[in-house]
Amino acid sequence: MLLIIQGILSGIPAGVTYGLMGFSIALIFRTTGVMNFAIGHCGMMGVFFGWMILGFTNSLPLAILSGVVFGWILGVVIERFLMRPINNMSHGGMLIITLGLLFIFTDAAMLIWGTEAYPFPEIYAGAPLIFNTSAQPIIISANDVALTIVGLVLSVILALILGYTKIGIASRARAQDVIGARVVGINTDRIDMIAWSAGIAIAVIVGFLVAPKESVQPNMLLNLLIFGLVACVLGGFGSPFGAIAGGLVLGVLEKVATVFVPVDYRLAIILFIVIAVLVLKPSGIFAKHVKTRA
Amino acid sequence: MLEVQNLVVKYGAVQAVKGNSFAVREGEIVSILGANGAGKSSTLFGVAGMIDTRGKLFSKDVVEGKIVFQGQDISDYSNSKRVKMGLILCPEGRRNFPELTIKENLKMGAYCRGDFNKKIDFVYSLFPRLKERQIQLANSLSGGEQQMLAIGRSLMSDPVMLMLDEPSLGLSPVLIDEVFAVLVKLKEKGIPILLVEQNAIRSLKISDRAYILETGKIVHEDKAQTILNDEKLKKAYLGL
Amino acid sequence: MLQIKDVTVKFGGLTAVKNMNFEVKKNEIHSLIGPNGAGKTTVFNAITGVVDTAAGDVLLNGKSLISLNTNQMIYQGLARTFQNLQLFRFMSVYENIYAGYVHNYKKSFISVFFKQNASFDQGEAFARVMEVADMMHIRERLGSFPDQLPYGILKRVELARAMASDPQLILFDEPAAGLTNEETKEVIDVIKLLQNKGKTILLVEHDMNLVMKVSDRITVMNFGEKIAEGTPQEVANNPEVIKVYLGSH
Amino acid sequence: MKNVIKAAILAIVVGFVFMDKPFVLLVFSTIAIMSIAALGLNILSGYAGVVSIGHAAFMLIGAYTSAMMSIHLHTPFAVNVITGAILSAIFSLVFGVPALRLAGFYLAIATLAMMEALVQFTYASEFLGAAQGIKNIPRLFQSELAVYALNAAALIGISYLINLMIKSPVGVKFKMLRDSEMASSAYGVNVSVTKIQAFVVSAVLCSIAGSLYAHTIGYIGPEDFGLFPSVMLLAMILIGGMATVSGGVIGAAIITGLPFFFSRGKIPMSLIVGVALIFFVLFSPAGLVYRISVIYGKYLQRPYIWLIRVILKMLKPTGKFVTVNGVKMHYVEHGEGQPVIMIHGNLAHHKWYQKVWDLQGYKTYAIDLPNHMWSEWTESVSIEKYADFVKGFMAELGISKAIIVGHSLGGAVAMNLAVKYPDAVDKLVLLAAGPPTGIQSAPERYPVYERLKTDKNMLKMFMKAVAPGLKDMLLMDKLVNYVFLQNPMVYIAHADEVGKFNITNIKSQYKNPYIFLLGDKDIAISKNMAEATLAYLGSNGKLIMHEGIGHALIMENPELFKKEFYAFANQSI
């Protein structure tokens, strides 16, 4: 029992990062209809940039800020010069293009920053929280707590933006009906650009959150890409917040699963579960229905 | 108010509108009539700047021609720029945002133009049903209410000129009466309307002038009253 | 030949087609018309098995089509065209027409790896393709690809594909949509030619000109229900139909 | 079959050239293996239009099955391959039957998850060697050359079988599915069954490739079959060419081969592949195979064709010359008796009549029209002018009246002659002649006619389609070679002319008898067209159809032609 509680508690921080990653994938997919398989590597570019700034300035907040800004600009560039001209391509074509981006960013990072894995500081390095129980203590690292708080605050901010600001409602409107959005004068191109930028910026933040564990290296977010996609599958691609919920479920499931199956097999088993979910209920566990691009 | 010269709309190989010129003057209701697939909706799309062909690598859609609105050449303007000038389209098939609330839908109507707080009362006074249901999602509305919402949303942007595409489509006779009553009210307020309607006789009755479209080309133009008594209309519709 | 019996189609809570009844007789050109959103295409889709019917039956020569999938329709002698031209983009015109004949291949999957089976009855298929290509006057285009051809020719390619399957009944979904007047005239000729060849035709079309010229009988729909049926003359003079098309006075 | 022999010869040459360089042979082995896997993916993605980004998973199944069996059970290679293929087929069915209902991106995620799950399972399993992988997998042969030979043979054999499948109706069904699910369903394609078929075939091919890989390289690890290899497979078919059997080979050669031949670390391969993916999707979706074939057709055969022309010009014309209207015309004459003028068609020359110019009791003149073969070139390329030349030719030789035989475009010339100079025509033998109203050439065909100038392969294909009954390929080759002597302008000009000319008034001018001979396999002239022609010609003749004959009766079945000719020409009027 305690193992399960420990599993749940340590699963939440992981789940938050999966959920945010899923959020950024779902945000771009829902708004623009493109599933971005390069999202992890876009985030990685931002993290590398931030890491570089960290080297120059030694200031963690500045590093994170510059990384996020870099990610935002990357989003603008990708949307404006790659995605906008081809926005009526087939799913297959789009898929291959984002896979191409993934490859390009992998090697670009290697060429610019080398193949080494660099360490990155934790956002909050304090003493871990320890709860003593009769059998065995439950341990939560301080960074995990900080990470969870950052993640949840970010989710709330995103929820507020999407729910109540004009631009947020407009982006939901654009996702639901393009023609409707255009007749009321919404500049759909700009909304798409914002979705790309915001999505990549979130991926950069996720990158910073996991950088202490994964180190800064070209494929640091490859696994998170897969987990993010899985979070989307669980939560349904229709809603970004479904993805966050899916991410939390996934994180907890992953850690709790280790109680019952050998640690090494947990990923394989989760992925098989994901295929089952995808096949049985493609719209996700939480979503009511899903909209696909015609 | 609006003057269109040689409008051409092509979707790939299909030429939907083939070089039409027409105009809408101050305070007028002008109807565009024609069989289904004659190019009426494409005409409105072309005028509203809905077909965005700029910077698209693989798009084969083409819009050509000169569109002058309030003395300004808006042919190169984007859709949002046209909306900002007050040239508003209420599209065919409602095109509401199904998973936004009715209030949010109306808020989106005032996205580019129009004061939300001022206009919302006007729209609610026209369509009291919308006020009752303002926090419900749009997809919970019936067909007629959705049409009200679509018209209401266009009115939110304080139109200088309004283009309506099939506002009575799929509505019951009572609701059709209601819609046409609203159109007359708008006319009284001095808003010119470019109207595309299936219900030819109804729309001619409230119109000042009308154009008849046949396979993408304007074949006839006259006073609404004249057309109402004309055999040409019957030909365009029933092929007699 | 084709009987639509009390067909009702529902989408969620919405009834798109209600108690639809009509019959297409052998070698007849029957048109289904009505304003936008009247449910014509839904009837069409119910016949071809694209949508499920909530009630009623569709009979072709007395055999029910309701339980069949779309891909089994061709075996019942039913071919269709598509409103927005579903041609095979990356296949030549020859292959596109040949595709209409391919369902005649009934050998097992494994046999394709043996040379003698790989090209089944090419002779017969070839002859059929050539025959329908001639009929549609697209013989010179057989080597071309759909992207290279003007819209009017593409329509003929689609008709040729339908003809290659040697159907008894052809469903036309708006054959004149997007065509010039000249091309529409050609379509009228082709439809009449098909009738002469003994085919039965069900037509959904907006172009009243065409409908009035070719139809033997017309069924008019509005709001998912049949409101009139008869010869072109009868339908054109039916006050109900005039009201639907021109609006009420 | 011919391509198989060509490929085998190429493979053998490569083998012998690099016999002493085992490393190079290993590279070629790897290319062959990856080509098989790419071919597998090409069936699914290129032909059936289903994009998978997890196909390396099936290579993993094949590779691990093979490796484990040969290490632990010491089974022979063939058993390993087959077991792996069966396992892959079963796995692809279990995964594919439910998953292939998903569309687009969702299916891509499902394949990604499937692949990742297998890779993670392998990583986790101590039994399968975990992250260390499996080392020392028994090699099949000690000699690298033998290993190479096996891999090359496997590639060639599989390509041959797949080619059969692609050309069969099943291949057509795959393509139909790719281009429009809706239409393919309406034309009898069971969408889910057909997709599964493509999926299983592709899985089996990838599995075979995996088995070969394990035994060729001798070491496998889970990272060999992850996301990057899967996308590399996709890149191979995209770069090489979707929906082509050879596309995967070219793609595999570039992506697998390049890093080997340059020093491995220096080329940022992922960057190149990434850029190539985007570039090919956007600007050249048909891939390199297509580009190469265009370049080959347009430019690379030019020296060869130039050479053909030079050599042919050194030969002596076999016939005689006569100057008509200032143009030297070449002709050959045979036999004695009533004169018969034989006029060849488009892209042809007098030699087309070589099998039929011995006609008992007739003196035949097979001519080269101006602009063709040994005759001089002239600017005036119209069918009417050609008719004038034929008339002039007869006048020069003192022939006042002759039986005129016209094939295809020559038939049009013959009819024109009959309209303009009815007295010169005794009887008319029309061989698959164009209709009196002309045939409009489709505008999109012009680039093809233009291509014929520089592309012997295409011209030959053209001829094969025109004369399906002519089995003597050497003769075919000869006939094609002589075409290159003709005036380059006529390739296009004839297409124009055939569309322009109109002699619908022929009935009122020409009253003598005629026959019209036509094969039922003719791709240029149909029975309908012939019947239309007959309506213009009047009732003084008839149409005779021949079964199994294409556009060229005189080449395909000369005896039949002679029989028909004698029957027609010998009868007294």
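Lettering of chains follows the sequences in order, A, B, ..., and the numbering in each one begins at 1. Both backbone and side-chain heavy atoms feed into the values below; hydrogens, waters and symmetry mates do not. Just so we're clear, the structure is a prediction, and the values are computed from it rather than from any experiment.
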Side chain, backbone, both or neither of [X] within contact of chain A (heavy atoms, under 4.5 Å):
{"X": "Leu238(D)", "answer": "side chain"}
{"X": "Phe279(D)", "answer": "neither"}
{"X": "Tyr123(D)", "answer": "neither"}
{"X": "Thr111(D)", "answer": "neither"}

Open item on the list: Below 30° counts as parallel, above 60° as perpendicular, anything between as tilted: where do the rings of Phe272(A) and Phe91(D) land?
Closed with: perpendicular
Task: Parallel, tilted or perpendicular: ring planes of Phe37(A) versus Phe105(D), cut at 30 and 60 degrees - done: tilted
- [ ] Could you please spell out the steps behind the side chain to side chain contact (heavy atoms under 4.5 Å, CB included) verdict for Ile278(D) and Leu82(A)?
- [x] CA-CA 10 Å; Ile278(D) 295 177; Leu82(A) 186 59; 4.2 Å; yes
Looking at every heavy atom in both [X] and [Y], which two are closest together, and how far apart are they?
{"X": "Val51(D)", "Y": "Gly92(A)", "answer": "CG2-CA, 4.0 Å"}
{"X": "Ser125(D)", "Y": "Tyr265(A)", "answer": "CA-OH, 3.2 Å"}
{"X": "Leu282(D)", "Y": "Met89(A)", "answer": "CD2-SD, 4.0 Å"}
{"X": "Ala268(A)", "Y": "Ala117(D)", "answer": "CB-O, 3.5 Å"}
{"X": "Leu278(A)", "Y": "Leu102(D)", "answer": "O-CD2, 3.5 Å"}
{"X": "Val279(A)", "Y": "Pro98(D)", "answer": "CG1-CB, 3.2 Å"}

What is the distance from atom [atom1] of [X] to atom [atom2] of [Y], rounded to the nearest 0.5 Å?
{"X": "Ile96(A)", "Y": "Leu234(D)", "atom1": "CD1", "atom2": "CG", "result": "4.5 Å"}
{"X": "Glu116(D)", "Y": "Leu225(A)", "atom1": "CD", "atom2": "CG", "result": "9.5 Å"}
{"X": "Leu95(A)", "Y": "Ser52(D)", "atom1": "CG", "atom2": "OG", "result": "9.5 Å"}

Validation row: [X], [Y] side chains within 4.5 angstrom (heavy atoms):
{"X": "Met35(A)", "Y": "Ile109(D)", "result": "yes"}
{"X": "Leu222(A)", "Y": "Phe228(D)", "result": "yes"}
{"X": "Gln120(D)", "Y": "Ile269(A)", "result": "no"}

- [ ] Examine whether an atom of Ile275(A) lies under 4.5 Å from a heavy atom of chain D, and if so say whether it belongs to the side chain, the backbone or both; otherwise answer neither.
- [x] side chain
Open item on the list: Sub-4.5 Å heavy-atom contacts with chain D: which residues of residues 97-105 of chain A show up?
Closed with: Ile97(A), Leu99(A), Gly100(A), Leu101(A), Leu102(A), Phe103(A), Ile104(A)
Open item on the list: Quick check on Phe241(A): does its CZ atom have over 12 non-hydrogen neighbours (other residues, nucleotides or ligands) under 6.0 Å away?
Closed with: yes
Task: Heavy atoms from other residues, nucleotides or ligands near OH of Tyr118(A) exceed 12 (cutoff 6.0 Å) - done: yes
Open item on the list: Heavy-atom pairs under 4.5 Å with chain D: which of Leu271(A), Leu267(A), Thr106(A) has the most?
Closed with: Leu271(A)
Task: Greatest number of heavy atom pairs closer than 4.5 Å to chain A - which of Val119(D), Leu277(D), Leu271(D) - done: Leu271(D)
